[in-house]
Amino acid sequence: MPELPEVETVRRGLQELIVRRSIATESHDTVKGFPNAPADVAAFLIGATITTVRRRAKVLLIDLSSDYTLVIHLKMTGQLVYRGEQVFGAGHPNESLIGKLPDRSTRVTIEFTDGSYLYFNDQRKFGWMRLMPTVEVPNIEFMKKVGPEPLEADFTPQEFAGRFMRRSKTSIKAALLDQSVIAGVGNIYADESLWGAKIHPNRLVNTITDKEFQVLYTELREVMNLAIEKGGSTDKNYVTAEGKRGSYMDFARAFRREGLPCPRCATEIIKFKVAGRGTHICPSCQLL
DNA sequence: CACTTGACCTGTCCGC
DNA sequence: TGCGGACAGGTCAAGT
């Protein structure tokens, strides 16, 4: 579920909501990777203060005053929701998305000294979390292999096109989803940017022209920036740090719009599988 | 080696 | 209404 725009939205929310709060208690059930070193929880998590919240690709980095960092991947259904004064539950506008917290999908509960909470919810348990020294974060396998951030100001169209050369014989969609090529692209924004660039997802990378890479670069950045502006895409599970929906799906042109008219030419959007993933295209605009 | 397919989990939706 | 099967936004290990 959460791709770069969703994780960035959560990051911005947490930066506002939890920085300078101190951790009083922590409890959890099964979460992959946590606690990797149980003694570290008492030594470096309890009593620590949140200093900043960063993001790399789809990974959230919650830095602590102990010089340790909580490294969190939400995978498909992870949520990080802060609860201060507001009360979720029956009648609340977000009830259908997060219910009353904690609930049966709550994996980790962090209580701050002021009595507010941060919940890590994850219905499908694919997400993971690690507590580790901040200086060690760049050394984990994911960080070593992940590609460049596509929204950085100094990320050029030339660098974008060049990254794909490592996957020249696969489909453009499979390459877009490969985190070692470009960081943070997932199924939603792969489909949306390919629609924007009028490129069929099954086109092989080595058939994509320089001009097409240029357009794809622009479309990908525009669609991701718009998605951040809209607070991300909520289909089923994703919510912001405040427990709210993201509204990008109201602006989607192809993703999850099968049977509806293409906004450009009114041809019906169709759905099929590419690289094992549900894929949406306009069959008139995106030719093989 | 490059690339594709299953596995990881739970919940929901759809057709019989 | 009940039940089996397909499917869901991510990533890795295992297989071709």
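Order of the sequence lines sets the chain letters (A, B, ...), proteins ahead of strands, with each chain counted from 1.
Comparing the same atom, C1', in dA6(C) and in dG6(B) gives a spacing of 15 Å after rounding to whole Å. Distance check on atom P: dA14(C) versus dC9(B) gives 15 Å, rounded to whole Å. As rounded to the nearest Å, dA7(B) and dG5(C) have P atoms that lie 15 Å from one another. Nucleotides dC14(B) and dG9(C) place their P atoms 16 Å apart, quoted to the nearest Å. Taking the P atom of each, dT5(B) and dC7(C) are spaced 14 Å apart, rounded to whole Å.
Base pairing of dG9(C): no nucleotide in any strand meets the Watson-Crick or G-U wobble criterion (both distances under 3.5 Å). Pairing of dC9(B), defined by two Watson-Crick or G-U wobble distances under 3.5 Å, is not identified with any nucleotide.
Between Arg163(A) and Glu159(A) there is no salt bridge, since no side-chain N of the basic residue sits under 4.0 Å from a carboxylate O of the acidic one. Ion pairing of Glu212(A) with Lys198(A) is absent here, as no side-chain N (NZ or NE/NH1/NH2) approaches a carboxylate O to less than 4.0 Å. Between Lys75(A) and Asp122(A), none of the side-chain N atoms (NZ, or NE/NH1/NH2) sits under 4.0 Å from a carboxylate O, so this pair counts as no salt bridge. Ion pair Glu192(A)/Arg253(A) flagged as a salt bridge, since at least one NZ, NE, NH1 or NH2 atom sits closer than 4.0 Å to an Asp/Glu carboxylate oxygen. Here Arg277(A) does not pair with Asp191(A) in a salt bridge; the nearest charged N to carboxylate O distance is not below 4.0 Å.
No donor-acceptor pair closer than 3.5 Å links the side chain of Ser180(A) to the backbone N or O of Val146(A). A donor-acceptor pair under 3.5 Å links the side-chain atoms of His280(A) to the main chain of Arg256(A), judged by distance alone. Side-chain N or O atoms of Arg55(A) include none that pairs as donor or acceptor with a backbone N or O of Val59(A) at under 3.5 Å.
One interatomic measurement links the two molecules: CG of Leu176(A) to P of dG9(C), which rounds to 15 Å at whole-angstrom precision. Separating the CG atom of Leu177(A) from the P atom of dG10(C) is a distance of 7 Å, rounded to the nearest angstrom. The CG-P distance, from Asn237(A) to dC7(C), rounds to 19 Å in whole Å. Taking atom CG of residue Asp235(A) and atom C1' of nucleotide dT12(B), one finds them 12 Å apart after rounding to whole Å. For the pair Arg256(A) CZ and dA8(C) P, the interatomic distance rounds to 7 Å; values are reported in whole Å. Note: CG (Asp122(A)) to P (dG9(C)) measures 15 Å, nearest angstrom. Between Glu258(A) atom CD and dC7(C) atom C1' there is a gap of 12 Å when expressed in whole angstrom units. The CZ-P distance, from Arg55(A) to dG10(C), rounds to 14 Å in whole Å.
A sub-4.0 Å separation between OP1 or OP2 of dC12(C) and a side-chain N or O of Lys145(A) is present. Not one side-chain nitrogen or oxygen of Lys236(A) sits closer than 4.0 Å to the OP1 or OP2 atom of dG11(B). Here Arg104(A) reaches the OP1 or OP2 of dG11(B): one of its side-chain N or O atoms lies under 4.0 Å away. Between dG10(C) and Gln179(A), no contact under 4.0 Å exists linking OP1 or OP2 to a side-chain N or O. Considering only side-chain N and O atoms, His73(A) lies nowhere under 4.0 angstrom from the phosphate OP1 or OP2 of dG10(C).
With dG10(C), dC7(C), dT10(B) as the choices, the nucleotide that has an atom nearest any side-chain atom of Gln123(A) turns out to be dT10(B). Minimum atom distance to the side chain of Phe142(A) is reached by dT11(C), of the listed dG10(C), dT10(B), dT11(C).
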**OP:** Would you mind building the protein contact string for nucleotides 3-8 of chain B? One character per nucleotide, 5' to 3', B for base within reach (heavy atoms under 4.0 Å), S for sugar-phosphate only, - for untouched.
**Re:** SS---B
